[in-house]
Protein chains: 2
Amino acid sequence: MAKEITYSISQLAKHFDITPRAIRFYEDRKLLSPERHNSHRIYKEGDLVRLKLILRGKRLGFSLEEIRKTMELYDTEPNEKTQLLFVLDTISIHRQELETRQQDIRETLNEMKTVSNRIKKKLKELD
Amino acid sequence: MAKEITYSISQLAKHFDITPRAIRFYEDRKLLSPERHNSHRIYKEGDLVRLKLILRGKRLGFSLEEIRKTMELYDTEPNEKTQLLFVLDTISIHRQELETRQQDIRETLNEMKTVSNRIKKKLKELD
DNA sequence: CGAAAAATTGACGTTTACGTAAACGTGATG
DNA sequence: CATCACGTTTACGTAAACGTCAATTTTTCG
């Protein structure tokens, strides 16, 4: 069997352009739980995926606690009807939030275009 | 001439579903500067527009300082070529950031759909 | 093997964005 | 005009997300 690729904390930090301190902090807040070899943290592929999700969540403005809950929700995947319905409901709420944000971005991009055009016009007139 | 509609701080707060404290804080950070009548703040249409921009900026994850700079940039609109080019450049950077975020959202929405479908399938099998 | 490089665990410091409480001024209303 | 809701400033408190030492292992490498 192929030996899985592993990473030290500083390698991981460099890869994502963050500090080891941040990574340890995410672990403290239960968003990561890497293996250990004599107290040293060993990160595998799954940890990279999770970290990627964490950083994307942060870019979208979610708190670490929200990110943690969401990841927990998604990779638990229960079997009871009530729980499944709850997950669906939560996803639906998240989706609405994201769609609002998408609209926010579209509006902002449009305004930026308007300003850009006005400025370009001004620049042309400056000849 | 039509008397402009004005608002008290609490009316404004209610309208945007935030606290007066938050509004005063935005003023402290130079994002707002309403008129005064004997120390009392009087908000007009322009202030509403600015506040709307502030809140949208916050939803997009920008800091108040970033929002302040951006608003300043956009409503200064200089006449010197160098400055105009600088504004264009800044806008271009902001646009790239927003487009990244747009991509982040699209990815997340897709993942949510995948999970949703898996759950719905599970629910059907539960009969 | 022995020193330098890398990791670990505290623990206190910092910034952002307000919350909260105190102490006081203002304005509408019966 | 008295009262009472509403507004103001000042100032300290707080949660989130790390930054920054410091003191101690562990690992690695010539």
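Per chain, numbering begins at 1; letters A, B, ... match sequence-line order. Below, all heavy atoms of this structure are taken into account, side chains as well, without hydrogens, waters or symmetry copies.
Using a cut-off of 4.0 Å between Lys/Arg side-chain N and Asp/Glu carboxylate O, A:Glu111 and B:Lys52 are scored as not salt-bridged.
Counting to the nearest Å, the P atom of D:dT8 and the NE2 atom of B:His37 are 13 Å from each other. Between A:Glu66 atom CD and D:dA17 atom C1' there is a gap of 14 Å when expressed in whole angstrom units. For B:Lys69 and C:dT16, the NZ to C1' distance is 14 Å, given to the nearest whole Å. In this structure, B:Ile67 atom CD1 and C:dT16 atom C1' are separated by 12 Å, rounded to whole Å. Going from atom CD1 of B:Ile9 over to atom C1' of C:dC18 covers 13 Å, rounded to whole Å. The CG atom of A:Leu12 sits 11 Å away from the P atom of C:dA7 (whole-angstrom rounding).
The side chain to side chain donor-acceptor pair (under 3.5 Å) search around B:Arg106 returns B:Gln103, not counting sequence neighbours.
Side chains of B:Tyr26 and B:Leu55 form a contact here, defined as non-hydrogen atoms less than 4.5 Å apart. Between B:Ile23 and B:Tyr43, some side-chain heavy-atom pair lies under the 4.5 Å cut-off. Inter-residue side-chain proximity for B:Arg50 and B:Leu31 is flagged as unmet; no heavy-atom pair is nearer than 4.5 Å. With a 4.5 Å cut-off on side-chain heavy atoms, B:Thr108 and A:His94 do not count as touching.
Nearest-nucleotide mapping onto DNA chain C: of A:Gln11 and B:Leu64, the residue sitting toward the 5' end is A:Gln11.
Applying the 6.0 Å contact sphere to CZ of A:Arg95 captures no more than 12 heavy atoms from other residues, nucleotides or ligands. When the shell of 6.0 Å around CG of B:Asp17 is examined, it contains 12 or fewer heavy atoms from other residues, nucleotides or ligands.
Not one side-chain nitrogen or oxygen of B:Arg36 sits closer than 4.0 Å to the OP1 or OP2 atom of C:dT26. Between D:dA16 and A:Lys58, no contact under 4.0 Å exists linking OP1 or OP2 to a side-chain N or O. Listed pair B:Ser8 / D:dC6 fails the phosphate criterion, with no side-chain N or O lying under 4.0 Å from OP1 or OP2.
Atom OG1 of A:Thr6 is separated from atom CZ of A:Arg41 by 15.0 Å, given to the nearest 0.5 angstrom.
Non-hydrogen atoms lying under 4.0 Å from DNA chain C are contributed by B:His40, all within residues 39-57 of chain B. Using a 4.0 Å cutoff on non-hydrogen atoms, the parts of residues 17-29 of chain B near DNA chain D are B:Arg21, B:Arg24, ordered by number.
Among C:dT16, D:dT27, C:dA6, the nucleotide with an atom closest to any side-chain atom of A:Asn38 is D:dT27.
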